[in-house]
A.B. asks: 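Quick one: the structure is below, and I'll ask about it shortly.
Naming convention: chains lettered A, B, ... in sequence-line order (proteins, then strands); numbering from 1 in each chain. What you see is a predicted model; the values in this text were computed from it and never measured. What's counted below: heavy atoms across the whole structure, side chains too, no hydrogens, waters or symmetry copies.
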Amino acid sequence: MLDIKRLREESDSLRGIIEARGGQLDGVLDADQKRRQLLSEVEALKGERNAVSKEIGKLKKAGEDTEAQQAEMRALGQKISGLDDDVRAAEADFNDRILRIPNIPHSSVPLGADEAANEVVRVHGEARAFDFKPETHIEIGERLGLFDLARATRMTGAGFPLFIGSGARLERGLINFMLDLHVKEHGYTEMSPPFVVNSDSMTGTGQLPKMAEDMYRTTGDDLWLIPTAEVPVTNYYREEVIEADLPIYLTAYTPCFRREAGAAGRDTRGLLRVHQFDKVEMVKFVEPETSYDELESLLLNAEDVLQRLGLHYRVLNLCSGDISFAAAKCYDIEVWAPGQDAWLEVSSCSNFEDFQARRAKIRYRNRDGKTRFVHTLNGSGVALPRLVVALLETYQRADGSIEIPEAIVPYMDGVTVLSPAGE
RNA sequence: GGAGAGGUGGCUGAGCGGUUUAAAGCGGUGGAUUGCUAAUCCAUUGUACUCCGAUUAGGGGUACCGCGGGUUCAAAUCCCGCCCUCUCCGCCA
């Protein structure tokens with residue numbers, strides 16, 4: 001959520017970018033105008049009622065008749081009650097509108113309508129050269145018995161992966177490797193949060209109201225399955241003035257649940273786009289002055305995962321048309337998958353500035369003792385299924401086995417090669 | 001899931017329709033006093049929205065006693081619903 005005062009004062013300069021990102025600025029400004037006018041009106045009447053009621057109290061104490069004043073206030077009360085309904089409606093309308101206004105991109109974000117305008121910041125490593133035709137992760141996984149998508153479809157539905165044997169251990173090993181890296185070397189505190197949250201939390205980080213169709217919702221309790229650990233971890237401090245020193249770095253492994261309602265038919269083969277996936281997430285709460293430096297170091301923390309795994313990847317600075325609703329700036333990290341012959345997005349590292357903090361009411365006390373909104377950031381460090389795709393496809397060998405990168409051998413009980421069963 | 005108790009400012013804790021503008025204490029801040037520390041004394045004390053003022057200083061108003069409704073001229077106080085905490089019982093990995 002943006003500051004309504006800023007929207008009022010800078011409406012002319014902000015209108016273009018907000019509308020380009022699908023927001024309706026004038027609707028918000030009108031609703032704000034209406035809301036404030038009603039508020040002024042009803043507050044003046046309430047002031048009058050408070051004063052007269054007080055007077056009635058005194059007169060009664062003195063034994064005087066107050067029926068005339070009471071009748072007058074009864075009538076005023078009717079009017080107030082009607083106006084209160086109007087105020088409530090106006091505020092609901094205003095809230096609904098301002099919650100749908102996207103964040104304003106930072107000045108370093110390239111302008112553009114879609115992913116074609118994204119800027120490649122850097123490329124790490126080189127694509128591995130093969131002297132045989134590389135298999136896709138689906139072929140590899142089936143042959144080595146690492147996952148079983150057919151049976152998972154029968155038990156749940158398409159897009160819910162099931163890992164088994166070495167595949168399951170690889171999944172678990174990668175999660176532990178990444179958590180250890182962020183905790184022991186990057187200074188994050190590990191958190192193991194609920195995987196299901198309430199609507200206030202979803203609104204706090206910006207999933208609601210816009211993304212309701214993309215999430216799984218429970219019946220009976222009005223709870224939601226988290227689409228990312230960002231939601232529970234960022235909401236850790238919702239409606240608080242943080243007393244601990246900033247910056248605060250948190251990391252968490254969680255499964256992530258996404259309906260992918262608008263993506264039917266795209267990338268549906270194998271592990272490329274699934275409804276449930278594992279991810280290690282990093283979240284930062286920082287002082288506003290430092291948030292862009294913190295974004296750079298967050299990005300490096302995510303890149304470190306891929307570097308240690310020896311993967312070829314590139315970093316994109318997403319353009320104004322491609323960054324998510326709540327982000328002011330976002331880097332994507334894409335890893336190279338030789339079997340797909342494609343770049344796969346495995347991480348998004350975003351600075352939300354105070355956009356989430358405003359919604360979730362997360363503040364801190366600055367040096368003057370004043371409460372201010374923190375800046376929040378988060379980044380995947382990193383998402384699992386596509387990482388597994390890249391690993392399997394990158395480290396496959398001519399004999400059909402998979403070499404395990406050195407960094408995760410300790411997390412695989414010393415196993416250095418995944419071979420077909422029975423060999 | 002059932003029964004009971006309870007949720008008041010940064011904290012402790014009173015108030016249970018109008019002398020409360022939420023008492024009192026603790027804590028915090030500023031000041032006075034004092035070889036230092038401690039003690040004592042004086043003053044001050046939250047959040048959000050909104051209006052006036054010049055986007056200053058400052059001033060006015062509204063709301064906030066777990067949350068949301070309701071009754072009343074007037075609600076921390078009465079009524080209804082919900083949430084949370086504690087104790088006990090039940091169930092349970």
A.B. asks: Give me the distance, rounded to whole Å, that separates B:rU77 from B:rG68 when you measure between the P atoms they each carry.
C.D. replies: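 Rounded to whole Å, the distance is 13 Å.
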A.B. asks: In whole angstrom, give me the gap between the C1' atoms of B:rU19 and B:rA74.
C.D. replies: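 So the two C1' atoms sit 15 Å from each other.
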A.B. asks: Just compare B:rG69, B:rC73, B:rA63 and give me whichever is closest to any side-chain atom of A:N50.
C.D. replies: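 Among the listed nucleotides, the one closest to the side chain of A:N50 is B:rA63.
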A.B. asks: When the ring centroid of A:F195 is compared with that of A:F257, is the distance short of 6.0 Å?
C.D. replies: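 No - the distance between ring centres of A:F195 and A:F257 does not fall below the 6.0 Å cut-off.
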A.B. asks: Angle between ring planes, A:H182 versus A:H186, binned at 30° and 60°: parallel, tilted or perpendicular?
C.D. replies: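 Tilted, since the angle between the ring planes falls between 30° and 60°.
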A.B. asks: Over how many whole Å does the gap from A:M73 atom CE to B:rA75 atom P extend?
C.D. replies: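 Atom-to-atom, A:M73 to B:rA75, this comes out as 13 Å.
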A.B. asks: Nearest whole angstrom, please: distance from the C1' of B:rC67 to the CZ of A:R88.
C.D. replies: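 Taking CZ of A:R88 and C1' of B:rC67, I get 14 Å after rounding.
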A.B. asks: Roughly how far apart are A:I164 CD1 and A:L144 CG, rounded to 0.5 Å?
C.D. replies: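 One gets 13.5 Å once the value is rounded to the nearest 0.5 Å.
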A.B. asks: Reading RNA chain B from 5' onward, which residue's closest nucleotide shows up sooner: A:K61 or A:Q69?
C.D. replies: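 By nearest-heavy-atom nucleotide position, the 5'-most residue is A:K61.
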A.B. asks: Looking at B:rU72, I'd like to know if its phosphate oxygens (OP1 or OP2) sit under 4.0 Å from a side-chain N or O belonging to A:R74.
C.D. replies: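 Answer is no, no contact under 4.0 Å.
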A.B. asks: For A:L223 and B:rC83, what is the distance between atoms CG and P respectively, to the nearest whole Å?
C.D. replies: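 Whole-Å distance recorded here is 12 Å.
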A.B. asks: What's the gap between B:rU47 and B:rG4 when it is taken at their P atoms, as a whole Å value?
C.D. replies: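 Here B:rU47 and B:rG4 have their P atoms 40 Å from each other.
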A.B. asks: Could you state the atom-to-atom distance from CG of A:D84 to P of B:rU71 in whole Å?
C.D. replies: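 My rounded result for the distance is 12 Å.
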A.B. asks: For A:K79 and B:rC73, give me the distance from atom NZ to atom P, rounded to whole Å.
C.D. replies: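 The answer, rounded to whole Å, is 18 Å.
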A.B. asks: Assess, by modelled atom type and distance only, whether the side chains of A:Y249 and A:N301 contain a donor and an acceptor separated by less than 3.5 Å.
C.D. replies: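 Short answer, no.
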A.B. asks: For A:E67 and B:rC73, give me the distance from atom CD to atom C1', rounded to whole Å.
C.D. replies: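 From A:E67 CD to B:rC73 C1': 9 Å.
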A.B. asks: Rounded to whole angstrom, note down the P distance from B:rG30 over to B:rG35.
C.D. replies: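 It works out to 22 Å between them.
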A.B. asks: Quote, to the nearest angstrom, the P distance that separates B:rU50 from B:rA3.
C.D. replies: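 Taking atom P in both B:rU50 and B:rA3, they lie 44 Å apart.
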A.B. asks: Distance between the C1' atoms of B:rU34 and B:rA39, in whole angstroms?
C.D. replies: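 Per the computed distance, 10 Å lies between those C1' atoms.
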A.B. asks: Does this structure show an ion pair linking A:E243 with A:R365, if we count only N-O contacts that are shorter than 4.0 Å?
C.D. replies: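 A salt bridge links A:E243 with A:R365.
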A.B. asks: Quick check: on RNA chain B, is the nucleotide nearest A:Q70 upstream (toward 5') of the one nearest A:D85, or the reverse? Name the residue that is more 5'.
C.D. replies: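 The residue mapped nearer the 5' terminus is A:D85.
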A.B. asks: Expressed in whole Å, how much space separates the C1' atoms belonging to B:rA23 and B:rU33?
C.D. replies: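 Comparing C1' positions in B:rA23 and B:rU33 gives a spacing of 30 Å.
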A.B. asks: Using a distance-only test with no angle check, is there a side-chain donor-acceptor pair under 3.5 angstrom linking A:Y331 and A:E296?
C.D. replies: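 Side chains of A:Y331 and A:E296: pair found under 3.5 Å.
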A.B. asks: Treat primed atoms plus P, OP1 and OP2 as sugar-phosphate and everything else as base, then score nucleotides 45-53 of chain B 5' to 3': B for base contact with protein heavy atoms under 4.0 Å, S for sugar-phosphate contact only, - for none.
C.D. replies: --SSSSS--
A.B. asks: Side chains of A:N50 and A:S53: do they bring a donor and an acceptor to under 3.5 Å?
C.D. replies: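 Per modelled atom types, A:N50 and A:S53 side chains form no pair under 3.5 Å.
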A.B. asks: To the nearest Å, give me how far apart NZ (A:K58) and P (B:rU20) are.
C.D. replies: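 Checked: the NZ to P distance equals 12 Å.
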A.B. asks: Taking only Lys NZ, Arg NE, NH1 and NH2, and the carboxylate oxygens of Asp or Glu, determine whether A:R74 and A:E67 approach each other closer than 4.0 Å.
C.D. replies: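 A salt bridge links A:R74 with A:E67.
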A.B. asks: Using the P atom as the point on both nucleotides, what is the distance between B:rU87 and B:rC26, in whole Å?
C.D. replies: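 These two P atoms come out 32 Å apart once rounded.
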A.B. asks: Between A:E243 (CD) and B:rG10 (C1'), how many Å, whole number?
C.D. replies: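 Checked: the CD to C1' distance equals 8 Å.
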A.B. asks: Please map the stems of RNA chain B, keeping only stretches of three or more Watson-Crick or G-U wobble pairs with both distances under 3.5 angstrom.
C.D. replies: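 The stems that RNA chain B takes part in, listed by first number, are B:1-7 with B:83-89, B:10-12 with B:24-26, B:27-32 with B:40-45, B:46-52 with B:58-64, B:66-70 with B:78-82.
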A.B. asks: Would you tell me whether A:T66 and A:Q70 have side-chain atoms, one donor and one acceptor, within less than 3.5 Å of each other?
C.D. replies: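 Their side chains do contain a donor-acceptor pair, which is all the 3.5 Å distance test asks for.
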A.B. asks: Does OH in A:Y292 sit with more than 12 non-hydrogen atoms of other residues, nucleotides or ligands closer than 6.0 Å?
C.D. replies: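 Result for OH/A:Y292: enclosed.
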